[in-house]
Chemist: 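I have a structure here, written as structure tokens, and I will follow up with some questions on it.
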Amino acid sequence: MSTTSSSFRGTGLEETFASNFKKSDFYKIVYKQNINDVIVGIRDGYINLYHNCNSIAKISASSKEFKAEISKYYLDIKGGGTKKIKANELVQNLNLIKTQSNKRNQLEKQAQEQLYIKNNLNKNSNWFCIDVEYTRSGVDWRYDIIAVSKDSEHRVALIELKYGNMAIGGNSGIRTHIKDFYNFFKKDADGGCDFDKLKPEIISIIEKLIALGVDVPDCLHELKETQLYSEPQFYIITLNNNPKSAKASSPEMTMSGYLFSDKRWGCKKISKDVKDKGDYFQIINNDKNFNPIFYFSESTLPNLQIDDILNEKFYKKVVIE
């Protein structure tokens, strides 16, 4: 995992931009009237509006006109590329845009959005989600969700989401996510700067969400880097933890086969990757200080019944020992 970053979430999103956004129908209609399925994402010099965690509008702070850039796919225009449209045009096409987004049938992204939004609409949740699809320029990894706890310790949760058996194996599967998590953890533990770089971005994201009119809990207003807990927590959440048939493996069993050689979690088959490249403990160099939490839930789309994203009552919790 590279620590090189030329981007910083929130840069360039100054008071004038925030004011223009809150006056526009991008905010008043596209976001506020669709708060159950639209997310505001803070980026470097622009914001994204997300539906199904797909970027449906990129609004740039450097643009001379207050317009959104949108993939022509979402407007059902052939030929690829993007188009710039005004707020009223986005409003007029919003149902079409959502239909096109739904057509992509990305269940993991739909679940990701529901976890994020349901949690943030629940005032009693212990956490507040601040970002989706977090990555840095020049790297090929991302965190599905970043959340900050509302308690005085203000812990930071880096969350990877899986839905069913989707993408548990392969190049972007669970083994890769564990490697990325561990590399991030190890660099910080060794005096590196991965989490040190993330902390100011977290503060910037929260400040910009507040400025743009997102309902951020009062306890996170005026939050300082020094108030964030000293190290992040790592979570792998698997939803739709259901076998496809009575004799099939559940996602939990499948995940075990890609991580462990001892057939824990009811695993039926050990993967070739474990046999050839080593198990979970070799990936993390048998580091007892690294303790990601695995959550498994049988909850499924279209309506996930989880409104407190890291509340153990919704999951089966597994901590590796």
Side-chain angles (χ1 to χ4, degrees), residues 6-106 109-110 112-118 120-121 128-137 142 144-146 201 204-216:
S6 60
S7 63
F8 187 92
R9 279 161 164 69
T11 301
L13 305 182
E14 306 304 336
E15 186 175 339
T16 300
F17 176 82
S19 176
N20 287 338
F21 178 70
K22 287 191 289 187
K23 290 176 188 174
S24 74
D25 284 345
F26 291 129
Y27 174 74
K28 292 187 287 186
I29 297 179
V30 178
Y31 173 60
K32 289 296 284 186
Q33 292 186 18
N34 293 274
I35 204 165
N36 290 317
D37 61 4
V38 172
I39 293 171
V40 175
I42 306 298
R43 298 294 176 260
D44 179 11
Y46 65 97
I47 63 172
N48 271 339
L49 299 182
Y50 287 97
H51 177 262
N52 289 335
C53 286
N54 294 315
S55 175
I56 59 168
K58 175 182 176 180
I59 307 171
S60 175
S62 61
S63 177
K64 293 181 180 179
E65 294 185 84
F66 206 70
K67 291 184 176 181
E69 184 176 354
I70 183 171
S71 168
K72 290 180 180 179
Y73 167 81
Y74 294 111
L75 299 171
D76 200 19
I77 298 173
K78 308 299 182 185
T82 62
K83 181 179 181 180
K84 288 191 174 182
I85 61 176
K86 295 180 179 179
N88 66 314
E89 296 175 272
L90 189 61
V91 171
Q92 292 167 8
N93 287 282
L94 191 55
N95 287 337
L96 170 62
I97 292 165
K98 289 183 179 182
T99 297
Q100 292 292 100
S101 175
N102 291 336
K103 277 183 181 179
R104 301 185 72 177
N105 199 31
Q106 297 167 306
K109 280 180 169 282
Q110 292 171 15
Q112 180 184 357
E113 177 185 271
Q114 283 202 26
L115 279 184
Y116 186 107
I117 290 176
K118 286 178 182 287
N120 284 3
L121 291 177
F128 187 75
C129 300
I130 64 164
D131 201 12
V132 292
E133 303 294 311
Y134 176 86
T135 190
R136 291 181 184 153
S137 59
R142 67 183 63 243
D144 289 332
I145 297 174
I146 297 179
E201 282 200 88
S204 176
I205 290 168
I206 292 172
E207 289 175 346
K208 295 308 188 291
L209 287 173
I210 294 168
L212 291 165
V214 175
D215 188 14
V216 175

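All values reported here derive from a predicted model rather than from experimental measurement.
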Chemist: Looking only at heavy atoms, what is the nearest atom pair of Leu90 and Ala57, with distance?
Modeler: CD2-CB, 4.0 Å
Chemist: How many angstroms lie between atom CD1 of Ile42 and atom CG of Leu212, to the nearest 0.5 angstrom?
Modeler: 5.0 Å
Chemist: Examine distances only and state if a side-chain atom of Ser204 and a backbone atom of Arg9 form a donor-acceptor pair shorter than 3.5 Å.
Modeler: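 Answer holds: yes.
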Chemist: For Glu113 versus Asp37, what's the shortest heavy-atom pair and its separation?
Modeler: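 Smallest heavy-atom distance, with atoms named: OE1-O, 3.1 Å.
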Chemist: So, Gln106 and Gln112: side-chain donor and acceptor under 3.5 Å apart, yes or no?
Modeler: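 Short answer, no.
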Chemist: Within the 4.5 Å heavy-atom criterion, are Tyr74 and Leu96 side-chain neighbours or not?
Modeler: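 Sidechains of Leu96 and Tyr74: no contact.
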Chemist: Between Glu69 and Tyr46, is there a side-chain donor-acceptor contact under 3.5 Å, judged purely by atom types and distance?
Modeler: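 Note: Tyr46 and Glu69 side chains miss the donor-acceptor criterion.
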Chemist: Just wondering, are more than 12 heavy atoms of other shown residues or ligands nearer than 6.0 Å to NZ in Lys86?
Modeler: no
Chemist: With distance as the sole test, does Asp25 use its side chain to make a donor-acceptor pair with the main-chain N or O of Asn88 at under 3.5 Å?
Modeler: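 A pair under 3.5 Å: no.
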Chemist: What do the steps show when you test Lys98 against Ile56 for side chain to side chain contact (heavy atoms under 4.5 Å, CB included), and what is the final call?
Modeler: CA-CA 9 Å; Lys98 289 183 179 182; Ile56 59 168; 5.9 Å; no
Chemist: Rounded to the nearest 0.5 Å, what's the gap from OH on Tyr27 to NZ on Lys32? Could you check?
Modeler: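 Going from the OH atom of Tyr27 to the NZ atom of Lys32 covers 4.0 Å.
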Chemist: Where is the tightest heavy-atom contact between Ser101 and Asn52, given as atom of each residue plus distance?
Modeler: OG-ND2, 3.0 Å
Chemist: Which distance, rounded to the nearest 0.5 Å, do you find between the CD1 of Ile85 and the CZ of Phe26?
Modeler: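 One finds 6.5 Å between CD1 of Ile85 and CZ of Phe26.
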Chemist: Walk me through whether Tyr50 and Glu133 qualify under side chain to side chain donor-acceptor pair (under 3.5 Å).
Modeler: CA-CA 10 Å; Tyr50 287 97; Glu133 303 294 311; over 6 Å; no
Chemist: Which atom names give the shortest non-hydrogen contact between Asn54 and Lys109, and what distance separates them?
Modeler: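 Between these two residues, the closest heavy atoms are OD1-CD, 3.6 Å.
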Chemist: Starting at OG1 of Thr99, measure out to CG of Asn93 and round the result to the nearest 0.5 Å.
Modeler: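 One gets 11.0 Å once the value is rounded to the nearest 0.5 Å.
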Chemist: Taking all non-hydrogen atoms of both residues into account, name the closest pair between Lys67 and Lys84 and its distance.
Modeler: CD-CB, 4.2 Å
Chemist: Can Arg43 and Asp131 be counted as an ion pair, charged N to O under 4.0 angstrom?
Modeler: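 So Arg43 pairs with Asp131 through a salt bridge.
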Chemist: Which atom names give the shortest non-hydrogen contact between Ile47 and Phe21, and what distance separates them?
Modeler: CD1-CE1, 3.5 Å
Chemist: Hey, what do you get for SG (Cys53) to CD1 (Ile145), rounding to the nearest 0.5 Å?
Modeler: 7.0 Å
Chemist: Please walk me through it: do Tyr134 and Glu201 pass side chain to side chain contact (heavy atoms under 4.5 Å, CB included)?
Modeler: CA-CA 11 Å; Tyr134 176 86; Glu201 282 200 88; 2.6 Å; yes
Chemist: Can you tell me how far CD1 of Ile29 sits from CG of Leu94, rounded to the nearest 0.5 angstrom?
Modeler: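 Rounded to the nearest 0.5 Å, the CG-CD1 separation comes to 9.5 Å.
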Chemist: If we check side-chain contact (heavy atoms from CB on, under 4.5 Å) with Ile70, which of these qualifies: Thr82, Leu49, Leu75?
Modeler: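 Looking at Thr82, Leu49, Leu75, the match for Ile70 under the side-chain contact (heavy atoms from CB on, under 4.5 Å) is Leu75.
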Chemist: Return yes when atom NZ of Lys72 has more than 12 non-hydrogen atoms of other residues, nucleotides or ligands closer than 6.0 Å, and no otherwise.
Modeler: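 Check passes, neighbour count above 12.
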Chemist: Hey, is the main chain of Thr11 close enough, under 3.5 Å, to the side chain of Lys208 for a donor-acceptor pair?
Modeler: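 No: the side chain of Lys208 does not pair with the backbone of Thr11.
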